[in-house]
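Everything quoted here is computed from the prediction, not taken from an experiment. The chains referred to below are lettered A, B, ... by the order of the sequence lines, with proteins before strands, and numbering in each begins at 1.
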Number of protein chains: 2
Amino acid sequence: MENGHPPGASTDGDEGTSPPTVLSGTGEIGEPVRTAQGATYTRTMTPEPTPRPRLVDVAREAGVSVATASRALGKGSELIRADTRDHVRQVARRLGYRVNPVARSLRLSTTGHIGMVVPSIGNPFFMELVAQVEHCLAERGLNLLLADARMSVAHEDHLLRSLESGAVDGLVVAPCHETYSTPALERAAAHVPTVQLDRGVQLDVPMVGVDDPHGIRTLLDHLAERGVERIALLSNTGSNVSSVTRVRAARAVAEELGMRLDPDDIIECSFSVDEAGAAVNRVLDRSGAVPDAFLCLNDLLAIGAITALRGRGIAVPERVQVTGFDDIQFAALMRPTITTLHQPLDAIADRGVSILMGDDDSTGRIHIEGTLVERESTRRRPGAVGE
Amino acid sequence: MENGHPPGASTDGDEGTSPPTVLSGTGEIGEPVRTAQGATYTRTMTPEPTPRPRLVDVAREAGVSVATASRALGKGSELIRADTRDHVRQVARRLGYRVNPVARSLRLSTTGHIGMVVPSIGNPFFMELVAQVEHCLAERGLNLLLADARMSVAHEDHLLRSLESGAVDGLVVAPCHETYSTPALERAAAHVPTVQLDRGVQLDVPMVGVDDPHGIRTLLDHLAERGVERIALLSNTGSNVSSVTRVRAARAVAEELGMRLDPDDIIECSFSVDEAGAAVNRVLDRSGAVPDAFLCLNDLLAIGAITALRGRGIAVPERVQVTGFDDIQFAALMRPTITTLHQPLDAIADRGVSILMGDDDSTGRIHIEGTLVERESTRRRPGAVGE
DNA sequence: TTGTATGCGTTATCAC
DNA sequence: GTGATAACGCATACAA
């Protein structure tokens, strides 16, 4: 019954409707389509998962072309008549249109994402660095794609490889290792704009971090003013450039200041607070003479040192003074609070992101000076008011 | 010399160079093209920005169609002959081909990114939560797009709006505010799969967090065992559900245990450690009678409380005991170390991500029990060995 | 000022 | 098994 047409009539009837209806073959050209549509639209009780409107839907609804619609919503807005623009915008709002960021990215070949890879996201210092970078990016309307290398060069390589292949517009990296991270970083930097933060491998990739020698000098000056004549140095294992630089600076400045820093009193220990404590105990057990101060290369080590010292009944800062480095949040929470060198992470992050975005055409290595934060783990200045 | 062709020959010679080869038309079919190519390749001194190879380049080089190339590199690999597959792969490797993730995302309408929004990235607790989520995602090959709401519901709304529009496959949110975050969260959840972590607004969006009543009960039991008869409670301002739930549980359990918890001894203060200290001082100044213990609703508050107490010469835990909640890193670093309720953030994150990915079809609110960590801020159990 | 048409790089659906 | 081709959703060069 439905197909009760003379066979001959259907011959060219399908030509016009080819795409949607294919070979409906019937004589009632538009009939089946409209009916079908109407039926679907009206009677279906399904939650009607309203397919997300595309630009073309907005354009059609507004009675303009996609080009005009695009211009109305995007940046060509000054090229079109104000009323068309407003009309399109209104239609877009009514339809709940949102541009598809992925399609936009493909077209523009820019994602608005910045990747960041840190050695260990569990380390308070890097957490704070991440927070600062996130803020800088947010200010510029960029998103942060965060990845944790988990202290593994292999994993870092893997992450960078994934990120460098087009997922991000730029890369912020705090390399795991001074030398082993180099190949991955070089490859990554060859693919996408990259900047190194906090530490950097020897590569022609911009890097911005704190001024380590300046920081060490500041701390040692501070200690010298407080009567310290002999120090021990607590460094972390794993050769990252910062450590090496800081140790070297400490040796030089100590000598310059006439302070005693025995090679045996330069101790390497892992990041863990406990191990720092163990290292301190080793120093104390070894030599009868206790150093006047422990210069710790980061705040976590300082915490470990202070805890160990107090555990042995050695008063901090009265008998032995302790300094940290970085000024992580907890440095102000410990008792005693820790005298340390504040890293201007906001400035470091900002500078790094600026370079990445091309707002700042600096190149090479940039070192920003930190500032001393005097707290309770060192004594008050002799002769200071109230002492 | 090089151009030693009869003038007539050159007429259509340039025509052929228009695209790459097309209709070279001349007798010397490939000649001009090859020369031009060779010249460019050999003589140009520019850094040769080698346009990144696309799939079509690999296909052409391998002598197959893009379809085949795609299958060889992607998942259709079992449908094609092994040797073609290997050949294509080899060519791809030689050319340094990497699929364009954006194009892939557009085609597949899936990004491989998961967005995460936290109230404050500077808060150690959320930092640790972020770290756990990152790990769970990394295990599944997903990327983390991290955003900080900076304690602002408006900002949170903005971030969610941006993320929900197609940039991510799923959303992990720790809402800023118990009620004000609701609209934004509801909208977001309507656009993309969403799960709430740690806290949740009243909405039909799955949420997974610690079991607050259980945690509070555990802590109060611990305190009761240690002779505590009167407690004060330090809560944080800003109504998030957790706080309210914990306070309610504390009242109920305290009564049940016969502990005294005066309404005046339930103090709200901001997250800051300093303010916690101030709050403690207020309590102590007000009433002559000092509570036996401070039940703090998070570790930061506990740190503030301990510092304030010790600052007034009140021994912790001898005279007053203190408990925290969360077990952030610093809880084990403070002196005294803090007895607290450990939140199983790894399990919470894992469960949340599982739900998000559809591996776990749980719905509603899921509460995972934490575990007590006994440290120095509470006394040793009376009658315990060695006491 | 607006519209038409093309391409961004993939994957999947058909034919062959 | 493999190849042509249509989307995916958008922005712009070029035409009108």
Side-chain angles (χ1 to χ4, degrees), chain A residues 18-20 22-23 50-89 91-92 95-112 164-167 169 191, chain B residues 18-20 50-89 91-92 95-112 164-167 169 191:
Chain A
S18 52
V22 191
L23 302 176
T50 312
R52 175 177 176 166
R54 302 152 299 165
L55 189 55
V56 60
D57 298 316
V58 175
R60 188 185 309 123
E61 184 75 12
V64 299
S65 72
V66 284
T68 302
S70 175
R71 285 187 277 247
L73 271 20
K75 62 174 179 176
S77 60
E78 60 285 346
L79 301 177
I80 70 178
R81 254 173 40 210
D83 54 347
T84 6
R85 167 168 54 71
D86 295 341
H87 175 230
V88 171
R89 287 187 177 172
V91 170
L95 263 42
Y97 170 77
R98 323 269 273 258
V99 338
N100 180 323
V102 177
R104 184 200 200 89
S105 291
L106 180 59
R107 179 64 232 259
L108 264 27
S109 58
T110 171
T111 60
E164 79 201 19
S165 300
D169 294 340
H191 285 281
Chain B
S18 49
T50 314
R52 175 178 177 166
R54 302 152 299 165
L55 188 55
V56 59
D57 298 317
V58 175
R60 188 186 307 125
E61 185 75 12
V64 300
S65 73
V66 284
T68 302
S70 176
R71 284 187 278 248
L73 271 21
K75 61 172 182 178
S77 59
E78 62 284 347
L79 300 176
I80 69 179
R81 256 174 38 212
D83 54 346
T84 14
R85 167 168 55 71
D86 295 341
H87 176 227
V88 172
R89 287 186 176 173
V91 171
L95 263 41
Y97 170 79
R98 323 270 270 261
V99 345
N100 180 323
V102 178
R104 184 201 202 90
S105 292
L106 180 59
R107 181 62 233 256
L108 265 26
S109 58
T110 172
T111 61
E164 80 201 17
S165 301
D169 294 340
H191 285 280

Exercise. At under 4.0 Å between heavy atoms, what does A:Ser70 touch on the DNA or RNA strands: base, sugar-phosphate, or nothing?
Worked result: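 If one applies the 4.0 Å heavy-atom cut-off, A:Ser70 turns out to touch a base.
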Exercise. Contact class for A:Leu55 (heavy atom, under 4.0 Å): base, sugar-phosphate, or nothing?
Worked result: sugar-phosphate
Exercise. Distance from B:Arg54 atom CZ to B:Tyr97 atom OH, nearest 0.5 Å?
Worked result: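 Answer for the CZ-OH pair, B:Arg54 versus B:Tyr97, is 10.5 Å.
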Exercise. Between OG1 of A:Thr84 and NE2 of A:His87, what distance do you get to the nearest 0.5 Å?
Worked result: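 These two atoms lie 9.5 Å from each other.
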Problem set entry | Non-hydrogen atoms of A:Val102 and B:Ser105 that approach each other most closely | CG1-CB, 3.6 Å
For this session: Answer whether the closest heavy-atom distance between the side chains of A:Val99 and A:Leu55 falls below 4.5 Å.
Result: no
Exercise. What side-chain hydrogen bond (donor to acceptor under 3.5 Å, both in side chains) pairs are there with at least one residue in residues 68-80 of chain A, not counting sequence neighbours?
Worked result: A:Ser65-A:Thr68
What is the separation between atom [atom1] on [X] and atom [atom2] on [N], rounded to the nearest whole Å?
{"X": "A:Leu73", "N": "D:dT12", "atom1": "CG", "atom2": "P", "value": "13 Å"}
{"X": "A:Arg104", "N": "D:dC8", "atom1": "CZ", "atom2": "P", "value": "19 Å"}
{"X": "B:Leu95", "N": "C:dG9", "atom1": "CG", "atom2": "P", "value": "14 Å"}
{"X": "B:Arg52", "N": "C:dG9", "atom1": "CZ", "atom2": "P", "value": "9 Å"}

Exercise. Is a side-chain N or O of B:Arg52 found less than 3.5 angstrom from the main chain of B:Arg98, in a donor-acceptor match?
Worked result: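 Yes: the side chain of B:Arg52 pairs with the backbone of B:Arg98.
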Seminar exercise, completed: Each nucleotide of nucleotides 1-8 of chain C classed B (base within 4.0 Å of a protein heavy atom), S (only sugar-phosphate) or -, in 5' to 3' order, makes SBBB--BB
